[in-house]
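Read through the structure below, which is laid out as structure tokens, and then see the notes.
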Amino acid sequence: MKLSGCVSLITGGARGIGKEIALTFAREGSDVAITDLNLEGAEKTKQEVERLGRKGIALKVDVSRFDDVTSVIKKVLDEFSKIDILVNNAGITRDQLLIRMREPDWDRVMATNLKGVFNFTRSVAREMIKNRKGRIINIASVVGITGNIGQSNYAASKGGVIIFTKSVSQELASRGITVNTIAPGLIDTEMTREFTETLRESLLKRIPLQRMGHPEDVAKVALFLAGEESSYITGQVIHVDGGMVM
Ligand code: NDP
């Protein structure tokens with residue numbers, strides 16, 4: 001098993017990509033802390049982790065609230081004594097053309113998608129520095145590279161995650177910690193099931209591999225970045241998008 005004896009913390013682990021990463025890591029031997037706004041969903045992921053023979057803990061937290069994040073991380077450390085792998089996955093969209101975008105839509109997306117990554121990374125990095133070992137994996141998006149009509153808030157937040165990754169990876173490399181980003185394209189989750197059929201069809205036309213991605217496609221790359229095989233990779237953006245952006 002690739003993550004035997006490891007402890008992972010996944011944000012937004014109640015469903016979608018975060019849940020799949022939690023279960024993939026558990027199958028490879030990691031105990032998993034699942035955090036989410038949706039405690040009921042996080043509990044269900046925890047139960048599945050335990051059915052795979054690993055320890056789990058489910059905690060409710062809004063990633064945008066610094067003090068709440070700090071106390072959740074303390075609870076995880078009380079339970080597991082260490083955190084080897086952090087996956088900053090929680091994210092939201094509030095799509096709207098710029099001239100119709102309301103200030104709360106901008107603020108909420110930035111607070112969740114970008115500040116949330118800072119909040120968790122800031123606290124967990126302290127622990128990883130003590131252990132001189134760690135893996136941080138941030139989930140951005142291809143629109144953080146290309147931009148997108150109707151997603152100026154989301155694209156700016158994900159572009160921010162990419163450049164945050166590059167900065168922090170340089171700060172933490174000498175402490176044995178790698179920091180990388182995954183940029184998914186169009187992945188079949190509840191987030192994208194809300195898209196209209198017309199939007200899904202038009203996006204599919206832009207994917208050379210001619211299908212939507214599955215959460216497993218992202219989880220397999222997260223596993224690679226969490227494990228030993230990627231020990232010489234840091235500060236990178238790995239696209240998981242069927243060739244959508246080259
Ligand atoms: P989902 O909406 O299916 O799942 C996101 C999870 O994060 C939900 O459980 C949600 O809880 C939780 N969450 C939202 N806001 C917060 C918060 N403030 N604090 C804690 N938890 C929160 O999304 P996906 O699985 O599709 O996406 C996961 C990540 O991948 C996101 O960062 C997304 O931007 C990114 N991504 C997804 C793509 C896709 O095509 N699906 C493409 C590119 C990137 P609740 O349900 O209560 O809101």
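Basis for what follows: all heavy atoms, side chains included, without hydrogens, waters or symmetry-related copies. Note that ligands are numbered from 1 as they come in the structure, with each ligand's atoms numbered from 1 the same way.
- Contact annotation: for Val61 versus ligand 1, heavy atoms closer than 4.0 Å belong to the backbone alone.
- Cluster annotation: Ile182 is connected to Leu223 through the hydrophobic network of ILVMFWY side chains, with a link wherever side-chain heavy atoms come within less than 4.5 Å.
- Where the criterion is an N or O separation shorter than 3.5 Å, residue side chain and backbone included, Thr192 fails it with respect to ligand 1.
- For Gly185, the closest heavy-atom approach to ligand 1 falls below 4.0 Å.
- Note: Phe118 and Phe66 have parallel aromatic rings, judged against thresholds of 30 and 60 degrees for the angle between ring planes.
- Of all protein heavy atoms, the one closest to atom 18 (N) of ligand 1 is Asp62 OD1, 3.0 Å.
- At a heavy-atom cutoff of 4.0 Å, ligand 1 is contacted by both the backbone and the side chain of Asn89.
- Using a 4.5 Å heavy-atom threshold, the side chains of Ile139 and Ile21 count as touching.
- The list of salt bridge (charged side-chain N to carboxylate O under 4.0 Å, His left out) pairs with a residue in residues 180-193, not counting sequence neighbours, reads Arg15-Glu190, Asp188-Arg193.
- The side chain of Thr112, and not its backbone, has at least one atom closer than 4.0 Å to an atom of ligand 1 (non-hydrogen atoms only; side chain from C-beta on).
- Separation of atoms CG (Leu86) and CD (Glu127) is listed at 12.0 Å; rounding is to 0.5 Å.
- Comparing Ala42, Ser141, Ala90, Gly16 by heavy-atom distance to atom 22 (C) of ligand 1, the nearest is Ala90.
- Residue contacts with ligand 1 for Ile92 involve side-chain atoms from C-beta outward but no N, CA, C or O (heavy atoms, distance under 4.0 Å).
- Geometrically, ligand 1 and Val63 share a nitrogen or oxygen pair separated by less than 3.5 Å.
- Residue nearest to atom 11 (O) of ligand 1, selected from Leu37, Val218, Asn113, Asp36: Asp36 (by heavy-atom distance).
- The minimum heavy-atom distance between Ala155 and Asn148, with the atom names listed, is CB-N, 4.4 Å.
- Heavy atoms of Asp188 stay at 4.0 angstrom or farther from ligand 1.
- Side-chain contact between Met212 and Arg200 is present, with heavy atoms from C-beta onward closer than 4.5 Å.
- For the residue pair Arg135 and Ser8, no side-chain donor N or O sits within less than 3.5 Å of a side-chain acceptor on the partner.
- For the ligand labelled ligand 1, residue Arg193 lies outside the 4.0 Å heavy-atom shell.
- Side-chain contact between Val179 and Leu172 is present, with at least one heavy-atom pair separated by less than 4.5 Å.
- Counting all heavy atoms, side chain and backbone alike, Ala156 lies closest to Trp106 at CB-CH2, 3.9 Å.
- In this structure, Met212 does not count as a contact residue of ligand 1, since none of its heavy atoms falls inside 4.0 Å of the ligand.
- For a threshold of 3.5 Å applied to N or O pairs, the pair formed by Ile187 and ligand 1 contains at least one separation below that value.
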Exercise for review: May I have the step-by-step check of salt bridge (charged side-chain N to carboxylate O under 4.0 Å, His left out) for Asp107 and Arg94, ending in yes or no?
Suggested key: CA-CA 10 Å; Asp107 288 345; Arg94 293 283 184 278; over 6 Å; no

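- Taking atom 37 (C) of ligand 1 as the reference point, the nearest protein heavy-atom neighbour is Ile17 CD1, 3.8 Å.
- Looking at Ala140 against ligand 1, only its backbone comes within 4.0 Å, counting heavy atoms.
- Taking atom 26 (O) of ligand 1 as the reference point, the nearest protein heavy-atom neighbour is Thr189 OG1, 2.5 Å.
- At the top of the distance list for atom 4 (O) of ligand 1, counting protein heavy atoms only, stands Arg15 NE, 3.5 Å.
- Note on ligand 1: Thr11 sits outside its first shell, no heavy atom being nearer than 4.0 Å.
- When each atom of ligand 1 is checked for a heavy atom of Leu186 under 4.0 Å away, the hits are 40 (O).
- Tested against Asn88, the residues Thr165, Asn113, Asn119, Thr121 include a single side-chain hydrogen bond (donor to acceptor under 3.5 Å, both in side chains) partner, Thr121.
- At the top of the distance list for atom 47 (O) of ligand 1, counting protein heavy atoms only, stands Asn38 CB, 3.5 Å.
- Of all heavy-atom pairs spanning Ile136 and Met128, the tightest one is CG1-SD, 3.8 Å.
- The part of Arg108 lying near ligand 1 is the side chain, judged by heavy-atom distances below 4.0 Å.
- Assignment of Pro215 to the shell around ligand 1 is not supported, since no heavy atom sits closer than 4.0 Å.
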